[in-house]
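The structure presented is a predicted model; accordingly, all values stated were derived computationally and were not measured.
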Amino acid sequence: MSVARNLFLGREPLGRLGLIDFRRMHREADEALRGLGIRVDVHRPLRELGLGAQQMVALARAVAVDARVVIMDEPTSSLEPREVQTLFEVIRMLRERGVAVVYVSHRMDELYELCDTITVLRDGRVVHTGPLAGLDRLRLVAMMLGRGIGEVRAEGLTKFSGSHRTDAEPVLSAAHLTVRHRLRDVSLSVRPGEVVGLGGLLGSGRSETARAIAGALPTDTGRVVVAGVPVRPGSTAAAIRAGISLLPEDRKSEGILPGLSVRENIALAALPGLSRFGLVDDACVDRIVETFTKRLRIKAAGPHQKVGELSGGNQQKVLLARWLALHPKVLLLDEPTRGIDVGAKAEVQALIDELAGDGLAVLLISSDTEELIEGSDRVVVLRDGAVVRELTGDAVTEGELMRAIAAVPAGGSDD
């Protein structure tokens with residue numbers, strides 16, 4: 001459906017003869033979105049918009065229905081900083097109206113900025129409820145993880161463990177990737193054992209670059225080479241055979257198959273190599289599933305539990321297991337820690353470190369600038385679909401990343 005139809009779903013304005021007054025609906029939809037600083041064509045199908053814009057349309061609908069209670073589940077997961085501030089202003093406006101807001105988030109800064117009380121859930125049970133003011137962040141994380149404060153402090157649970165240095169020839173080389181209206185002459189390389197970050201705002205071309213490398217987005221020009229061998233463009237099958245694996249940004253719609261089991265989701269990509277004459281080697285599948293369930297510490301009732309019943313962090317681990325089972329040369333990670341709790345986030349970050357240490361080439365996309373800077377050896381910065389700067393060595397800092405995104409010269413002033 002269109003943006004306007006989504007916004008007015010179930011409460012469409014009616015005109016003569018009880019028919020929908022589309023002119024009025026489009027006008028009021030445009031006004032409602034502009035009031036939140038969103039400028040989109042309300043006639044367009046919602047699916048054509050990015051995740052951030054879709055999230056803001058959902059927010060506009062929640063505000064417009066005059067609800068008494070609004071539940072927001074990870075509302076900032078797909079938003080850029082400007083949109084996050086708009087969201088916060090809307091939440092404060094709702095509070096002033098007397099609307100109750102239930103705000104679900106794993107981001108500590110957001111909780112402390114917005115919330116009055118907090119309820120901590122772990123393994124489906126309430127472990128704490130009380131005022132947020134005066135509650136130390138370290139204690140909050142410890143309650144979420146079920147660990148002692150000293151253990152959390154010692155493990156440094158929200159940090160990558162270190163950097164990765166390599167002088168080897170690049171295992172992945174992408175040159176002059178161009179997609180009309182999306183990418184403009186994007187080139188980058190990743191060496192074995194290296195984590196290269198892709199920085200930029202939403203809409204800068206980060207996900208498009210990853211999808212183009214993985215063959216999921218056909219390119220107008222450009223080429224991708226893995227271990228010295230060119231990869232046929234526009235073919236996900238060719239990319240997978242070459243050793244490229246992509247963990248997509250939206251795991252729910254593009255990654256997991258929620259109705260299938262953990263076992264089936266993990267084995268899915270590896271099935272062609274696990275079958276002979278059309279018959280799958282079940283014993284081999286079981287070994288692979290057991291190996292990666294243990295290695296990634298996937299929490300499930302068993303291998304036959306539906307993956308849609310797992311937490312976001314465990315769903316993400318199942319996706320990682322699916323691609324690691326293919327023993328890839330290049331791993332493209334698009335927002336790998338989005339929407340997962342601090343414990344699962346730390347485990348995923350540690351796994352990325354481990355994979356790079358084992359010689360895997362990793363391309364990391366993250367909207368969390370701190371995560372991107374701490375987890376990357378180099379950062380390629382995109383703006384408007386083009387590479388504007390590459391940060392290396394001591395220049396891999398949050399300040400330099402922000403300057404590149406904002407088009408401020410290196411070492412220049414932010415004023």
Side-chain angles (χ1 to χ4, degrees), residues 3 6-7 32-40 46 49-64 67 70-97 99-118 132 137 140-141 144 158 197-207 249-252 312 334-342 345 364-375 379 381-384 397-408 414:
V3 171
N6 272 274
L7 192 57
L33 292 173
R34 285 178 180 268
L36 295 179
I38 310 165
R39 297 180 180 273
V40 297
L46 184 67
L49 304 185
L51 286 176
Q54 292 181 18
Q55 197 91 311
M56 294 303 286
V57 171
L59 172 63
R61 182 169 61 191
V63 172
V70 175
I71 302 174
M72 299 184 177
D73 190 356
E74 299 288 353
T76 63
S77 62
S78 301
L79 304 183
E80 61 181 65
R82 176 183 58 81
E83 294 171 329
V84 170
Q85 291 307 311
T86 299
L87 170 67
F88 288 179
E89 291 170 7
V90 170
I91 291 174
R92 295 185 181 103
M93 178 188 69
L94 293 173
R95 175 189 286 171
E96 292 172 359
R97 290 184 185 175
V99 176
V101 178
V102 179
Y103 192 88
V104 183
S105 179
H106 297 109
R107 298 184 176 181
M108 300 291 113
D109 291 341
E110 296 176 7
L111 297 177
Y112 279 93
E113 181 169 351
L114 295 172
C115 299
D116 303 301
T117 61
I118 184 141
L132 188 55
R137 294 191 183 207
L140 176 58
V141 171
M144 294 171 69
T158 60
L198 268 187
L201 299 176
L202 289 171
S204 62
R206 299 173 305 174
S207 296
E249 177 184 18
D250 189 351
R251 65 173 174 267
K252 291 186 177 180
D334 196 349
E335 302 288 1
T337 63
R338 170 175 289 168
I340 63 179
D341 64 49
V342 290
K345 178 177 180 178
L364 174 66
I365 299 172
S366 178
S367 297
D368 185 333
T369 55
E370 183 179 355
E371 176 179 271
L372 191 68
I373 293 301
E374 290 178 350
V379 177
V381 185
L382 299 175
R383 189 172 63 247
D384 298 328
T397 66
E398 193 167 350
E400 289 299 321
L401 175 59
M402 290 297 100
R403 291 186 186 96
I405 291 174
V408 176
D414 295 317

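Put simply, the side chain of Arg206 never gets that close to the backbone of Gly199: no donor and acceptor are under 3.5 Å apart. Of the possible donor and acceptor atoms, one in the side chain of Arg61 sits under 3.5 Å from a partner among the backbone N and O of Asn6. The backbone N or O of Leu49 lies less than 3.5 Å from a partner atom in the side chain of Gln54, making a donor-acceptor pair. Panel note: side chain Arg383, backbone Ala404; a donor-acceptor pair is recorded below 3.5 Å. Side-chain N or O atoms of Arg95 include one that pairs as donor or acceptor with a backbone N or O of Leu114 at under 3.5 Å. No donor-acceptor pair under 3.5 Å is formed between the side chain of Glu371 and the backbone N or O of Ser366.
The line from CG of Asp384 to OG of Ser204 is 8.5 Å long, rounded to the nearest 0.5 Å. To the nearest 0.5 Å, atoms CD (Glu335) and CG (Leu364) are separated by 8.5 Å. Here Leu382 contributes atom CG and Ile405 contributes atom CD1; the two are 9.5 Å apart, rounded to the nearest 0.5 Å. Taken from CD in Glu96 to CD1 in Ile91, the straight-line distance is 12.5 Å, to the nearest 0.5 Å. From Met72, atom CE reaches atom CG of Leu59 across 5.0 Å, with rounding to the nearest 0.5 Å. Rounding to the nearest 0.5 Å gives a distance of 4.0 Å between CG of Asp334 and CD1 of Ile365.
Taking the side chain as every heavy atom from C-beta outward, Ile118 and Tyr103 never approach each other to under 4.5 Å. Annotation: side chain of Glu110 is in contact with side chain of Thr76 (closest heavy-atom distance under 4.5 Å). Using a 4.5 Å heavy-atom cutoff, the side chains of Val381 and Leu198 are not in contact.
The 12-atom threshold is exceeded at CG of Leu132, counting heavy atoms of other residues, nucleotides or ligands nearer than 6.0 Å.
Minimum heavy-atom separation, Gly197 to Leu372: CA-CD1, 3.8 Å. In this structure, Ala67 and Val99 approach most closely via the heavy-atom pair O-CG2, 3.4 Å.
Residues Glu89 and Arg92 are not paired through a salt bridge, judged by the lack of any N-O separation under 4.0 Å between the basic side chain and the carboxylate.
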